Amino acid sequence: MDLADKVFAKYSNRNTMCWTSLISGYCSHALLDRARELFDEMPEKSDVSWSVMVVGYVQNERHGEAMELFLKVKFFTSMNLNRSLLVSALRACSTLGAFEEGRWIHSYIDSNQFEYGVELGTAFLDFYAKCGLILLSKEVFDKMPNTDVMTWSAMIASLALNGYSHSAIQFFLNMLRSKLKPNSITFVGLLAACNHGGLVDEGMTYFKDMVTVYKISPSIEHYGCMVDLLSQAGQTKKVEEMILSMPFEPDGAIWGSLLHGCFVHGDIELAERVGRVVLEVEPDHCGRYVGLANAYAVMGRWEGVAKVRREMEERGVAMIAGWNYTNICRLGMP
DNA sequence: TTAGGGTTAG
């Protein structure tokens, strides 16, 4: 990118398109701050310049800055808002839970008679699902003239997220009927559905089918779903075997799921062992200490609880208070 | 020169 910068500096006939291309290049190399500098320096910005910058922020998971820029273009310019910009702005809305902004984009699209392409439609159904309005997601899905793997995967994951496990499975079966081939992410959604619904047999079947029928090798996310599902179902020994046979280094979330399962099902001996591993993997994560302390508490082993508390203090791990109503009141903000 | 989908605790 340095070379691109030098060439750009020497190039005398710089137009908006050159500036925008360079910004896009910086964004795709995750050099967002440099991209933003150039964006701010640009003498004239096109609608594509704005969208490239917003897209860049969203793709690099800087949703707050994406939203800020989106609001700027919306309120302080008379620029046309193009589809790419709106799709990315919608993604930012989904992540930030900015419901009103997302609704505004919807009305903008309707009043400007934009067609629902697969990208826009998929972004919309995802937005509504993340806001908990799964019926609106389904409405968007039904209105879409074309759908593809990503649309179906988004719908399956959305149903799973909102607790409609059986409908998610039904959607998966319909997807197969419409001759679309599921991919790795489709299965993350499907296994998440099985997990949320406690559907152990279905989960096991789809996990196996994924490998044997669809030739997709499981990622840590797929294992994460299975570990959580089997742990909650009390199959803790089986889970430990699964974790140890994984071709990845298990992370704290994986061990944490098993620890929680042990706690719920009273598998105390395993809880203690897993709890120790969890603290080694994530020594700064306050929730892991709570998990182990809870397992000790269930056993009535209060010396264990006290030991975990002491370790937390010694290592300087702070408890993070949840942002619930009780805590808000405690802070004097009713 | 620009766009969409991913599970997880007390």
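Since we're looking at a predicted model, the values are computed, not measured. Note on naming: letters A, B, ... go to the chains in the order of the sequence lines (proteins, then strands), and numbering restarts at 1 for each one.
The phosphate of dG4(B) (OP1 or OP2) has a side-chain N or O of R91(A) nearer than 4.0 angstrom. Under 4.0 angstrom from either OP1 or OP2 of dT8(B) there lies no side-chain N or O belonging to H260(A).
Using a 4.0 Å heavy-atom criterion, one finds that G291(A) contacts no nucleic acid atom at all. Nucleic acid contact class of G224(A) (heavy atoms, under 4.0 Å, all strands): base. A253(A) comes within 4.0 angstrom of a base, heavy atoms only. At a threshold of 4.0 angstrom between heavy atoms, the contacts of N82(A) include nucleobase atoms, whether or not backbone atoms are also involved. Within 4.0 Å of I185(A), counting heavy atoms only, lies at least one base atom of the nucleic acid.
W302(A) pairs by the ring pair (Phe, Tyr, Trp, His ring centres under 6.0 Å) definition with nothing, not counting sequence neighbours. Partners of R273(A) according to the side-chain contact (heavy atoms from CB on, under 4.5 Å) rule, which considers only residues two or more places apart in sequence or in another chain, are E240(A), E269(A), L270(A).
In this model, a side-chain donor or acceptor of S84(A) finds a partner on the base of dT2(B) within 3.5 Å. Scanning atom types as modelled, one donor and one acceptor separated by under 3.5 angstrom connect the side chain of T151(A) and the base of dG4(B). With hydrogens and angles ignored, no donor-acceptor pair under 3.5 angstrom links the side chain of N195(A) to the base of dT7(B).
Residue S153(A) places its side chain closer to dG5(B) than to any other of dG5(B), dT7(B), dA3(B). When each of dA3(B), dG6(B), dT8(B) is scored by its nearest atom to the side-chain atoms of K130(A), the top-ranked nucleotide is dG6(B). Listed candidates were dG6(B), dT7(B), dA3(B). Nearest to the side chain of S219(A) is dG6(B). The side chain of E221(A) lies closest to dT7(B), out of dT7(B), dA3(B), dG5(B). Of the candidate nucleotides dG10(B), dT8(B), dT1(B), dG10(B) has the atom lying nearest to any side-chain atom of V290(A). Closest to the side chain of H196(A), from the set dG6(B), dA3(B), dT7(B), is dT7(B).
At whole-Å resolution of the value, CG in L159(A) and P in dG6(B) are 13 Å apart. When rounded to the nearest whole Å, the span between OH of Y289(A) and C1' of dG10(B) equals 16 Å. In this structure, CG of D126(A) is placed 6 Å from P of dG5(B), rounded to the nearest angstrom. Nucleotide dT1(B) holds its C1' atom 15 Å from the NE2 atom of H29(A), rounded to whole Å. The CE-C1' distance, from M226(A) to dT8(B), rounds to 14 Å in whole Å. Rounded to a whole Å, the CE atom of M210(A) is 12 Å from the C1' atom of dT7(B). In this entry the distance linking CG of L81(A) with C1' of dT2(B) reads 13 Å, nearest Å. Atom-to-atom, CZ of F39(A) to C1' of dT2(B) comes out at 12 Å; the value is rounded to the nearest Å.
Remark: V48(A), S51(A), V52(A), V55(A), Q59(A) in residues 42-72 of chain A come within less than 4.0 Å of DNA chain B through at least one heavy atom.
Inspection of the S107(A) and D110(A) side chains reveals no N or O donor paired with an N or O acceptor under 3.5 Å. Between the side chains of S49(A) and S46(A), at least one donor N or O lies within less than 3.5 Å of an accepting N or O.
Judged by a 6.0 Å distance limit and a 45° cone about the ring axis, K45(A) is positioned over the six-membered ring of F39(A).
Screening residues 119-139 of chain A for side chain to side chain donor-acceptor pair (under 3.5 Å), with sequence neighbours left out, gives R103(A)-Y128(A), H106(A)-Y128(A), T122(A)-T151(A), D126(A)-K130(A), K138(A)-D142(A). Screening residues 243-257 of chain A for side chain to side chain donor-acceptor pair (under 3.5 Å), with sequence neighbours left out, gives D228(A)-S257(A).
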N/O donor-acceptor pairs under 3.5 Å from side chains in residues 187-194 of chain A, not counting sequence neighbours:
none

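Aromatic rings from F172(A) and W152(A) are positioned such that their centres are separated by 6.0 Å or more.
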